[in-house]
Engineer: 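The structure is given below, and queries will be raised subsequently.
None of the values given here were measured: they were computed from a predicted structure. Chain letters run A, B, ... following the sequence lines, proteins first, then strands; residues in each count from 1.
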There are 2 protein chains.
Amino acid sequence: MATIKEVAKAAGVSVATVSRVMNQNGYVHEDTRRKVEDAIRELNYTPNEVARSLYKRKSKLIGLLLPDITNPYFPQLARGVEDRLQEQDFRLIFGNSDESRQKETDYLQTFLQNNVVGVISSTNAPDHDMYTGLGIPVVFLDRTLNDNPAVYADGREGGRQAATELVKRGSTNITIIQGPADVRPAMDRFHGAVEALESSGTSYEVLKTTSFSFTEAEGWAKELFRRYPDSDGIIASNDIVASAVLQEAVGLGRRVPQDVQIIGFDDIPLSRLLIPSLSTIHQPAYEMGREAADLIIRLIEGQYIESRHIQYAVEFIERQTTRKVES
Amino acid sequence: MATIKEVAKAAGVSVATVSRVMNQNGYVHEDTRRKVEDAIRELNYTPNEVARSLYKRKSKLIGLLLPDITNPYFPQLARGVEDRLQEQDFRLIFGNSDESRQKETDYLQTFLQNNVVGVISSTNAPDHDMYTGLGIPVVFLDRTLNDNPAVYADGREGGRQAATELVKRGSTNITIIQGPADVRPAMDRFHGAVEALESSGTSYEVLKTTSFSFTEAEGWAKELFRRYPDSDGIIASNDIVASAVLQEAVGLGRRVPQDVQIIGFDDIPLSRLLIPSLSTIHQPAYEMGREAADLIIRLIEGQYIESRHIQYAVEFIERQTTRKVES
DNA sequence: TTGTAAGCGTTATCAC
DNA sequence: GTGATAACGCTTACAA
């Protein structure tokens, strides 16, 4: 990698002049500019971002902290973030937190050490010390707390819709799979579902779970049908869990949706590939990622922000694990 | 963020001394060390990686270039990479290339500008100029070329196995879905399958495709059954495409696996959740990611490398889209 | 319009 | 054992 000094020498000017043409500020004579540009091209020069970052005390790097990229919901989020960021020449430092406080602080630490100018995080602890007083903008993605900048979907409404659609389609004995208690969207959905079920007077059961992992979900699916064999409607905590439930139901010889209806959350790509395809509450993950990136950019650039809180509407996607109903 | 200078002042020593205790090199008196350590703790000091990186002309950053994190195969790879790297305190700068040469060079460029010490890439153009003479170690992941450091699975053998297992289970009229021509593993699989089919004298058709995307796959699935309605065995280019084929087959009223057997590649998590669950050729993606990270670390540290070429064996995973056979 | 030089936060060399 | 100080590659006053 050529340095600014080499370019300067090649062009017969000082480094300051090279810097000026690179950054297009300050006066520089047309002829010198051309000489410098030639030298730059000649030497294939690109500025060292590290030196730049050191001087300006800020980089073009943004930290992204996701619980687990292996969970099919997050790649979409990540992709949205990345696409938007790269349009503005920002780069991403990425880490999986595994919902571990320790990993989270470690990553935040190194983000800071690398002069990142902002962080986007799907944390379960937005109120933790490590975020307050970070010194750089933070956007919570798929999470929210008070009036911190955040991009998320309306989980509570999602829960309500899920319950309502099941009831509307004839389920009278619903089981709600309650996701991890420390994951905010999971609880929102749960409370939304309970709310709708209570107000419609539908009887329901609750099965508590502690993660969204594929393998564990299979266990819960079994437990569900063991403990609540009469369920005729199941609100899963997300699509992964719903898939496991669907598989177990079919394995048990239940007809879906005739005997039991199943509904998930997120609308991950897998959902439409299942047979029967999964009815679910859609969240615009890719869009949300983009929006989070957009928000952090505006925050970084100190632009006026109309709303730091961006809530997306959710939408019921009717597929084959719920019954048809007259419209 | 406190600086080394502030720590030095607080401890009543010079920055050199602070640096010595930080890096545990050079002599430093037990008492001074303690003073410095106290000051460090007091001020919550962590060294600025940017300044470090500038001076040493290398960072703790590694670039990871994947085609598309949204394709369910890649998150596993990425996770393996990340897990291993973070054990050694390396961080990841991540980008999606979309198989675009332009994006790829752009990312590589900025990786370099950020002093990354190594790159892990799933590129289709390992022989491209941008990689030769990058100046830092590169590991190709899920790709390979000549004797460049690479971690990949035995695609050809995978193709052979897929074909062999189908034939062994009675398919006599197989259709191979040929993946994108510029994606090496796709072609390896294809050639492997053709090889096995030829040598067993089984008749087969080929359907060419150009991507692995969910949505396009649905189109190809339709085309497949339109053009080759008599297929009784289908070798998909990967699990995504296999899922689309499975869905289409079921939609058309074909019984799987009685009327038509289907086999995929990769063994992404989705595969076991399908109903019927998908028989496939397994690749140890997470392990491969870890191994790639391990290899790049060894390369960076200049360790002796026994083999720069790490090929993983593949394995047939028998599930429900292939028939049972006497053992 | 251009050049000189200080400074960003480290590490390493060399005196002392 | 410890402290000055140059250097890493850049940007930006300030001078000229």
Engineer: Counting only side-chain heavy atoms from C-beta out, which of dG9(C), dG3(C), dC10(D) sits nearest to Asn48(B)?
Structural biologist: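 Of all the options, the side chain of Asn48(B) is nearest to dG9(C).
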
Engineer: Nearest of dT2(C), dG9(C), dT4(C) to any side-chain atom of Ala16(A)?
Structural biologist: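 Given the options dT2(C), dG9(C), dT4(C), the side chain of Ala16(A) is closest to dT4(C).
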
Engineer: To the nearest angstrom, how far is Tyr27(A) atom OH from dA15(D) atom P?
Structural biologist: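 Taking OH of Tyr27(A) and P of dA15(D), I get 18 Å after rounding.
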
Engineer: When you check the side-chain N and O atoms of Arg79(B) and Thr70(A), is any donor under 3.5 Å from an acceptor?
Structural biologist: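 Checked: Arg79(B)/Thr70(A) side chains show no N/O donor-acceptor pair below 3.5 Å.
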
Engineer: How many whole angstroms separate atom CG of Asn115(B) from atom C1' of dG9(C)?
Structural biologist: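 Distance, rounded to whole Å: 15 Å.
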
Engineer: Within the 4.0 Å heavy-atom criterion, would you say Thr32(B) contacts the bases, only the backbone, or no part of the nucleic acid?
Structural biologist: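 Here Thr32(B) touches the backbone only, sparing every base.
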
Engineer: Which nucleotide, dG9(D), dT10(C), dG3(D), lies nearest any side-chain atom of Thr17(B)?
Structural biologist: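 That would be dG3(D).
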
Engineer: Can you tell me the distance, in whole Å, between the CZ atom of Arg20(A) and the P atom of dG9(D)?
Structural biologist: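 Checked: the CZ to P distance equals 20 Å.
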
Engineer: Could you tell me how far apart Asn23(B) (CG) and dA12(C) (P) are, to the nearest whole angstrom?
Structural biologist: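 Distance check: Asn23(B) CG to dA12(C) P gives 7 Å.
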
Engineer: Whole Å only: how far is the CZ atom of Arg52(A) from the P atom of dC8(D)?
Structural biologist: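 Taking CZ of Arg52(A) and P of dC8(D), I get 19 Å after rounding.
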
Engineer: Return no unless some side-chain N or O of Tyr55(B) is found under 4.0 Å from OP1 or OP2 of dT5(D).
Structural biologist: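 Negative; the distance criterion is not met.
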
Engineer: Just N and O in the side chain of Ser19(A): are any of them under 4.0 Å from OP1 or OP2 of dC10(D)?
Structural biologist: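 No, Ser19(A) has no side-chain N/O under 4.0 Å of OP1/OP2 on dC10(D).
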
Engineer: Are Arg298(B) and Glu291(B) close enough, and set up right, to give a salt bridge (charged side-chain N to carboxylate O under 4.0 Å, His left out), and what steps lead you there?
Structural biologist: CA-CA 10 Å; Arg298(B) 273 148 53 215; Glu291(B) 186 62 43; 3.8 Å; yes

Engineer: Nearest heavy atom decides the nucleotide; on that basis, is Glu30(A) or Lys56(A) closer to the 5' end of DNA chain C?
Structural biologist: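 Taking each residue's closest nucleotide, the earlier one in sequence belongs to Glu30(A).
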
Engineer: If each of Val13(B) and Glu49(A) is mapped to the nucleotide of DNA chain D with the nearest heavy atom, which maps nearer the 5' terminus, i.e. the 5' end?
Structural biologist: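 Of the two residues, Val13(B) wins.
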
Engineer: Send over the distance from Arg57(B) CZ to dA7(D) P, rounded to a whole Å.
Structural biologist: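 For the pair Arg57(B) CZ and dA7(D) P, the rounded distance is 12 Å.
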
Engineer: Once you round it to whole Å, what is the distance between P of dC8(C) and CD of Glu6(B)?
Structural biologist: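 Rounded to the whole Å, the gap is 11 Å.
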
Engineer: Please report, rounded to the nearest Å, how far the C1' atom of dG1(D) is from the CG atom of Asp31(B).
Structural biologist: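 It is 12 Å, rounded to the nearest whole Å.
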
Engineer: Verify the ring-centre separation between Phe140(A) and Tyr131(A): is it less than 6.0 angstrom?
Structural biologist: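 Yes - the distance between ring centres of Tyr131(A) and Phe140(A) falls below the 6.0 Å cut-off.
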
Engineer: Within 45° of the axis and under 6.0 Å from the centre of the six-membered ring of Phe90(A), does NZ or CZ of Arg84(A) qualify?
Structural biologist: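 No, Arg84(A) and Phe90(A) do not form such a contact.
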
Engineer: Quick one: do Glu87(A) and Arg290(A) make a salt bridge, cutoff under 4.0 Å?
Structural biologist: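 A salt bridge links Glu87(A) with Arg290(A).
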
